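Everything below concerns the one structure shown next.
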Amino acid sequence: MGHESNGVSNRDTPSFNFYSDRCASHMLRKKLPFLHSLLSPVSRHVGHLAGHQYDVIVVGGGHAGTEAAAAAARVGAETLLITQKIHTIGALSCNPSLGGVGKGQLVKEVDALDGLCGRAGDWAGIHFSILNRRKGPAVWGPRAQLDRQRYRDFIQSELLSTPRLTVLEGSVEELLVTEPNPEEPGHHRVTGIRLANGSHAISARSVVLTTGTFLSGSLFVGQTTSPGGRIGDAPSSPGLSHTLRERLGLRTGRLRTGTPPRIVKDSVDLSLAKLHLPDSHPTPFSFLNTHTHCKPEEQLPCYLTFTTPGVERVVRESLQLNCHIQQDTKGPRYCPSIESRVLRFPGRSHQVWLEPEGVTSDLLYPQGLSMTMPPDIQLRLIREIPPMRRAEIHTPGYGVQYDFVCPTQLSPALQVKSTQGLFLAGQINGTTGYEEAAAQGLWAGANAARWALSMPTVTLSRTESYIGVLIDDLVSRGVTEPYRMFTSRAEFRTSLRPDNADLRLTPKGFEEVGCVSSVRYQESLRVRNSLQDALTALQALFLSTSSWKKKLPSVPISETKSTLLTGLDLLQYNDVTFEMLASAFPESLSSYMEFAQRLKIEAVYKPHCDLNKKEIERIQREENMSLPQDIDYFSLPVSLSDEVREILDRVRPSTLGAATRLEGITPAAVVNLLNYVRVTEKKKETPQYFDGERVREDAA
């Protein structure tokens with residue numbers, strides 16, 4: 001796509017396009033030090049876009065949308081990102097943090113695939129910590145408190161500098177739908193979108209919906225309800241929900257979430273809360289960063305306090321004034337409102353974390369106090385907590401209810417099975433959290449670009465990534481409540497560690513997907529080769545236990561057995577570090593000091609990973625056995641119960657591996673399906689003959 005001139009040379013600053021359907025000019029000063037230029041305003045009537053054919057249109061500018069748009073553009077697609085308000089792109093709608101147990105693994109994997117959120121977290125982080133340190137490194141949870149403004153500025157600047165990416169301010173009224181390509185599975189085909197407040201239609205070969213909580217969203221405070229997906233913002237157009245349900249026939253549901261009130265920092269007595277300091281040496285999310293933007297000594301602390309019996313009393317006295325909590329719409333189990341926690345666990349004291357919202361912000365985020373009661377009751381409640389006896393509320397908490405699409409209707413590429421060219425990512429698929437949204441957005445955006453460019457879509461196995469676990473859980477099992485990632489969801493978490501996400505995914509992202517830059521790919525190869533060389537050097541250090549005892553006298557090495565041990569064996573000892581070995585054998589190991597921690601982790605988990613290899617290979621074989629999407633399970637000549645046939649027909653798993661994880665699928669059914677797949681594949685491979693002559697594959 002040819003960009004109009006914006007008066008700034010591409011040699012000085014990257015080209016970009018910002019358009020508005022209100023015909024207004026938009027100016028955005030890049031606030032990062034390396035992007036100081038005040039960019040000239042660009043204005044074009046949205047009608048000028050109507051005749052342009054985009055490869056990919058992404059609807060929504062949240063965490064899923066920004067990752068989807070950037071990934072699609074990196075793959076090579078001419079991409080249009082449509083968002084209701086340009087200045088809210090990259091906004092942290094709820095908590096000002098990134099990562100955590102399970103979630104931090106997703107951030108590392110998104111970064112390994114050249115996504116945005118990891119680098120944005122490193123730039124905007126103001127309090128870094130590794131959660132779960134008392135357990136093994138495989139389940140450590142990288143996490144950071146963020147400066148809201150810094151995070152938003154970084155994301156917007158990244159999108160501005162992404163080639164082939166255009167941003168449009170507007171609201172989508174409906175999808176353009178036509179007859180499907182008969183050579184591809186599906187009942188419909190998406191050809192673009194139509195904007196609200198007019199008849200403007202914009203064409204695209206594929207569309208990614210990342211509507212978040214805005215799809216038919218409703219806000220709740222006390223007994224008041226209003227349309228919206230976030231306070232101060234309107235919901236998506238009702239026509240979009242209508243298209244999904246009525247035109248495309250997709251099954252949808254309703255979920256809810258909420259956010260706590262924002263507290264004026266100066267009105268809180270933080271001396272009555274427990275001080276929680278960050279890590280003294282911040283650990284970056286991104287594999288490309290060696291340090292964070294925030295210096296260690298400039299990090300801000302968090303504070304811990306607890307609810308009191310007075311909090312429970314206020315909740316119970318105000319239930320009749322809280323219509324949100326009275327409804328049976330499912331909310332997030334692992335991030336419940338204070339009302340839900342009090343009702344579910346009466347008589348208990350609950351944690352409340354007081355978290356800073358930014359370096360210069362005068363607000364605190366009270367994590368654990370999501371609530372939807374009337375504002376005056378919210379003030380009564382927070383003042384029942386000792387540090388907040390005199391607290392003032394800047395913005396009240398509120399609840400949100402929104403539509404989602406049952407994700408079993410999606411393929412592992414996050415494409416709607418019945419609709420060619422339509423991809424979904426984020427909360428529209430029933431998930432909760434920035435990290436889950438970002439991971440889906442990147443994968444949906446990359447696949448939407450590949451679809452548009454006539455390349456095959458790609459999948460991630462649950463054996464190779466947390467993103468694969470996330471997507472497989474969604475498309476195979478569906479959701480009954482907002483889905484959150486945990487390390488316990490991954491069967492092979494000792495292999496899917498935060499430290500090795502680059503080794504697992506960056507080569508695939510470059511070689512198979514096309515969403516990773518050459519610079520990142522070359523760096524991952526350097527790291528991989530260096531680690532392999534270091535492991536080889538460790539294994540070459542082959543000494544008796546008595547010799548090791550002389551080399552490392554402070555390490556409790558048993559000499560009762562006259563066995564030979566390698567350096568890699570020694571590194572598996574709790575008391576042995578790579579630095580100690582490098583000091584003992586500087587000529588062999590000193591050149592690998594930058595990988596000291598990674599080598600220690602590799603050594604510790606090597607036995608576990610070796611044991612997992614056979615099981616991983618079995619699952620991968622099953623996942624390579626495709627199940628046709630047009631198969632008629634009710635007439636399939638296989639011994640299957642009616643219940644199993646109904647489940648398979650409703651979910652339509654893409655592979656045998658996905659079928660094995662469906663609730664209600666028996667081991668016997670899996671065996672019969674396996675036999676059917678093998679027989680079918682064997683028939684395809686066997687040449688067919690007629691009257692002694694081989695039938696040509698291209699014969700009519």
Side-chain angles (χ1 to χ4, degrees), residues 1 47 49-60 68 72 75 77-80 82 170-196 198-211 215 236-252 403 405-425 428-429 444-459 475 626-635 649-654 698 700:
M1 183 187 70
L49 301 178
H52 189 86
Q53 172 80 37
Y54 285 93
D55 295 318
V56 178
I57 291 177
V58 177
V59 180
V75 171
E78 294 293 345
T79 305
L80 176 66
I82 303 177
S171 181
V172 174
E173 173 66 31
E174 63 177 344
L175 299 174
L176 303 180
V177 182
T178 187
E179 294 300 312
N181 179 350
E183 298 179 358
E184 299 284 349
H187 306 305
H188 315 278
R189 180 165 61 93
V190 166
T191 60
I193 59 91
R194 189 180 304 278
L195 294 172
S199 59
H200 298 300
I202 305 176
S203 299
R205 295 182 176 87
S206 62
V207 174
V208 185
L209 293 184
T210 66
T211 50
L215 192 62
S236 65
S237 170
L240 190 54
S241 293
H242 182 270
T243 302
L244 295 175
R245 280 195 298 264
E246 305 303 327
R247 181 72 174 87
L248 302 181
L250 297 178
R251 300 189 308 277
T252 63
D403 284 350
V405 173
C406 300
T408 54
Q409 300 166 105
L410 306 180
S411 74
L414 294 179
Q415 183 176 19
V416 175
K417 295 175 183 176
S418 63
T419 307
Q420 299 167 4
L422 179 60
F423 297 77
L424 310 181
I428 193 174
N429 290 339
N447 273 311
R450 292 182 63 84
W451 171 273
L453 299 174
S454 300
M455 295 187 289
T457 57
V458 287
T459 60
V475 304
S626 299
L627 294 175
Q629 287 302 294
D630 58 353
I631 191 172
D632 185 354
Y633 286 103
F634 292 106
S635 63
D649 182 70
R650 182 179 72 253
V651 179
R652 299 204 156 268
S654 301
D698 59 350

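As the structure is a prediction and not an experimental result, all values here were calculated from the model.
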Is it true that the side chains of Ser454 and Arg205 contain a donor and an acceptor less than 3.5 Å apart?
no
Heavy-atom pair with the smallest gap, counting every atom of Val56 and Ala452
CG2-CB, 4.3 Å
Minimum heavy-atom separation for Gly170 to Ile82, with atom names?
O-CG2, 3.6 Å
When you look at His52 and Leu80, which way does the side-chain contact (heavy atoms from CB on, under 4.5 Å) test go after all the steps?
CA-CA 11 Å; His52 189 86; Leu80 176 66; over 6 Å; no
On a heavy-atom basis, which atom in Ser206 and which in Trp451 lie closest, and how many Å separate them?
CB-CD1, 3.9 Å
Note: Arg194-Glu174 ion pair, threshold 4.0 Å (strictly below)
yes
Here the pair of heavy atoms bringing Ser654 nearest to Pro412 is OG-CD, 3.1 Å
Might you work through the side-chain contact (heavy atoms from CB on, under 4.5 Å) test for Leu209 and Leu244, ending with a clear yes or no?
CA-CA 11 Å; Leu209 293 184; Leu244 295 175; 3.9 Å; yes
Measuring only between side-chain heavy atoms, which start at C-beta, is Val458 closer than 4.5 Å to Asn447?
yes
If I compare all heavy atoms of Gln420 with all of Glu184, which pair ends up nearest, and what's the gap?
NE2-O, 3.1 Å
Do Thr210 and Ile428 come within less than 4.5 Å of each other through their side chains, counting heavy atoms only?
no
Does the side chain of Leu627 reach to within under 4.5 Å of the side chain of Arg652, using non-hydrogen atoms?
no
Side chains of Arg245 and Asp403 in contact at under 4.5 Å (non-hydrogen atoms)
yes
Give the intermediate values and the outcome of side-chain contact (heavy atoms from CB on, under 4.5 Å) for residues Leu410 and Asn429.
CA-CA 9 Å; Leu410 306 180; Asn429 290 339; 3.3 Å; yes
Can you tell me if CD on Glu179 sees more than 12 non-hydrogen neighbours from other groups inside 6.0 Å?
no
Do Arg650 and Thr408 have side chains that approach each other closer than 4.5 Å (heavy atoms only, starting at C-beta)?
no
Atom of Ser203, atom of Gln53 and distance for their closest heavy-atom approach:
CB-OE1, 3.5 Å
Could you tell me whether a side-chain N or O of Arg450 sits under 3.5 Å from a main-chain N or O of Pro456, the two making a donor and an acceptor?
yes
Take Leu240 and Leu175 through the side-chain contact (heavy atoms from CB on, under 4.5 Å) test and state the conclusion after the steps.
CA-CA 7 Å; Leu240 190 54; Leu175 299 174; 4.0 Å; yes
So does Val651 get a backbone contact from the side chain of Lys417, meaning a donor-acceptor N/O pair under 3.5 Å?
yes
